[in-house]
Amino acid sequence: MSLSAPATSRALLLWATCLCLGLAQPALADKAVVAEDVTAQQLLALAARLLEDDKAQDADAILQQLRTRGAEEIERQFLLAQVVEKQFAPRKAIAILRAILVDQPTLTRVRLELGRLLFETKQYTAARYHFDLALSQAPSGAVSANVRQYLREIDLRRGWQAALEVRLVPDSNANAAPAAASVELFGLPFELSDEARAQSQFGLAVDASAGFRHQLNAKSRLNMRLSGGYVAYENSDFNDASLVFAPALERVLKRGILSVEPIVFARWFGGQRFNAGGGLTVSLRQRLSQKMSLLSFVSVRHTDYALSSLNSQTYQLGANVSRAFTSATFAQFGLTYTANQARDAFFSYHALGARFGIGREFSKGVTLNWQGDIRPALYRDVPSLFGRRRKDLFAQSTLSLTKRDWALWGFAPVFRYVYARNASSIDLYRYGRHRGELGFTRAF
């Protein structure tokens, strides 16, 4: 490796060289001597030692002169992040560390340092993400204990948090209706109107959420969450809006976090109220190991619909396991059992859902996530209208792509493709749906 040594900096480089080689320090006024024999590794080691001695300015002078590649350049950038942090510019240090992870997402040491800086700047959601991935690599006992302490502090310290996402949405079936021109009723074919068939629409979607966590005492806190979404289509008859409010009481236990969350919700379709209701969810989040965590829950909800025959009580029981395989690869798997008791027995059903997904950070700042859902459902009644019991098999695949190193005012670009299909024993409930989403997202 070589050094870039302009005349005004040669004395400083010679001083660094002598420190590295254990020689006497030369006079700084002598600018005629050029340091050429010192290696990049020695200067990086010296810069690290200067940082330990709180001599950030001297370390910065050395690092700025180095011209390195490969692993040595990564080390230089890592040390530069520490320099700018000591110069009271933590957000600049965060940007440097994130730039390293753009092409080297498996560097656990960088994730640990990035998580710490995000924690110090109160970006707790992002800090948890990086700490979780770093912890999966089973760092030394002292480091693991320190990371777990940070995660506990994150659980206790979260105050305000928010997220906003805006997307363009082309949708092949905005009303989730069958593509068939006719269905069989009482054993005879009946034509469907255009409004009752699948409608392709182009729209603009906005999703937003805000939350506030208030510490009640050393082990209890109130976690309030308000979220909503709105999709405006070309044909306003298909506009879709929803609103959810959930004030949860959380208790930190020895083996996890217990949450009791009442919820109220409402949805509007085509400008008209589609449903509204409320319920209660009790969940327990546990860390099973450094690589794995478990979320288990039970819930009950009552929903009133504009069409009263759909009014129902819904009971759910489920569990979701998340596991990190490397500091850049993570996966999840979940099972959910649902029992729906509707006012009209035809709409009552039992369903068992499975969800599985995997995500990976690649070089060039690309993160890919894929999630698959499948849910077979068996309905209770056999109405004379159709003459047979309804059996559904719903499946959905979601592919998401984000570019970690692109941002506009803090908003990162996101692309999703969603394919959903419902196979049913009754023609009226069979449909397929393609949906694209292109937009920007940001967490605050």
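Excluded from the calculations below are hydrogen atoms, water molecules and symmetry mates; all remaining heavy atoms, backbone and side chain alike, are included. From a predicted model like this one, the values you see are computed outputs, not experimental measurements.
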Donor-acceptor contact present, side-chain [X] to main-chain [Y], <3.5 Å:
X      : Y      : result
Arg430 : Ser424 : yes
Arg389 : Arg380 : yes
Arg433 : Asn173 : yes
Asn275 : Asp304 : no
Ser348 : Ala342 : yes
Ser236 : Asn239 : no
Gln201 : Asn235 : yes
Asn217 : Ser220 : yes

With ring centroids as reference points, do Trp370 and Tyr417 lie under 6.0 angstrom apart?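 Between Trp370 and Tyr417, the centre distance exceeds or equals 6.0 Å.
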
Under-4.0 Å salt bridge between [X] and [Y]:
X      : Y      : answer
Asp132 : Arg287 : yes
Glu75  : Arg109 : yes
Asp392 : Arg390 : yes

Distance (rounded to the nearest 0.5 Å) between [X] [atom1] and [Y] [atom2]:
X      : Y      : atom1 : atom2 : result
Tyr429 : Asn422 : OH    : CG    : 10.5 Å
Leu114 : Phe131 : CG    : CZ    : 8.5 Å
Glu261 : Leu280 : CD    : CG    : 8.5 Å
Arg76  : Leu44  : CZ    : CG    : 8.5 Å
Leu393 : Ser425 : CG    : OG    : 11.0 Å
Ile96  : Phe78  : CD1   : CZ    : 11.5 Å

Hey, are [Y] and [X] close enough side-chain-wise for a donor-acceptor pair under 3.5 Å?
X      : Y      : result
Thr329 : Arg360 : yes
Gln332 : Gln371 : yes
Ser312 : Asn340 : yes

So Phe330 and Asn369, side chain to side chain contact (heavy atoms under 4.5 Å, CB included) or not? Walk me through it. CA-CA 9 Å; Phe330 41 91; Asn369 287 276; 3.3 Å; yes

Any ring pair (Phe, Tyr, Trp, His ring centres under 6.0 Å) pairs touching residues 242-290, not counting sequence neighbours?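 Of all non-adjacent pairs touching residues 242-290, those that pass ring pair (Phe, Tyr, Trp, His ring centres under 6.0 Å) are Phe274-Tyr305.
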
Mind running side chain to side chain contact (heavy atoms under 4.5 Å, CB included) on His130 and Gln123 for me, showing each step along the way? CA-CA 11 Å; His130 290 287; Gln123 299 178 64; over 6 Å; no

Fit a plane to each ring of Tyr419 and His434, take the angle between them on a 0 to 90° scale, and name the class: parallel (under 30°), tilted (30 to 60°) or perpendicular (over 60°).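 Correct class here is tilted.
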
Hey, what's the ring geometry for Tyr150 with Phe119, parallel, tilted or perpendicular (30° and 60° as the breaks)?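 Correct class here is perpendicular.
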
Would you please test Val260 and Arg251 for side chain to side chain contact (heavy atoms under 4.5 Å, CB included) and show each step? CA-CA 9 Å; Val260 179; Arg251 178 77 174 175; over 6 Å; no

Determine the minimum heavy-atom distance between [X] and [Y], stating which atoms define it.
X      : Y      : answer
Ser259 : Ala248 : OG-CB, 3.7 Å
Val83  : Ala59  : CG2-CB, 4.2 Å
Pro178 : Asp427 : CB-O, 4.0 Å
Glu361 : Pro105 : O-CG, 3.3 Å

What salt bridge (Lys or Arg N to Asp or Glu O under 4.0 Å) pairs are there with at least one residue in residues 231-240, not counting sequence neighbours?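 Of all non-adjacent pairs touching residues 231-240, those that pass salt bridge (Lys or Arg N to Asp or Glu O under 4.0 Å) are Asp240-Arg267.
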
Stepwise side chain to side chain contact (heavy atoms under 4.5 Å, CB included) check, Glu437 with Val414: CA-CA 8 Å; Glu437 300 182 0; Val414 60; over 6 Å; no

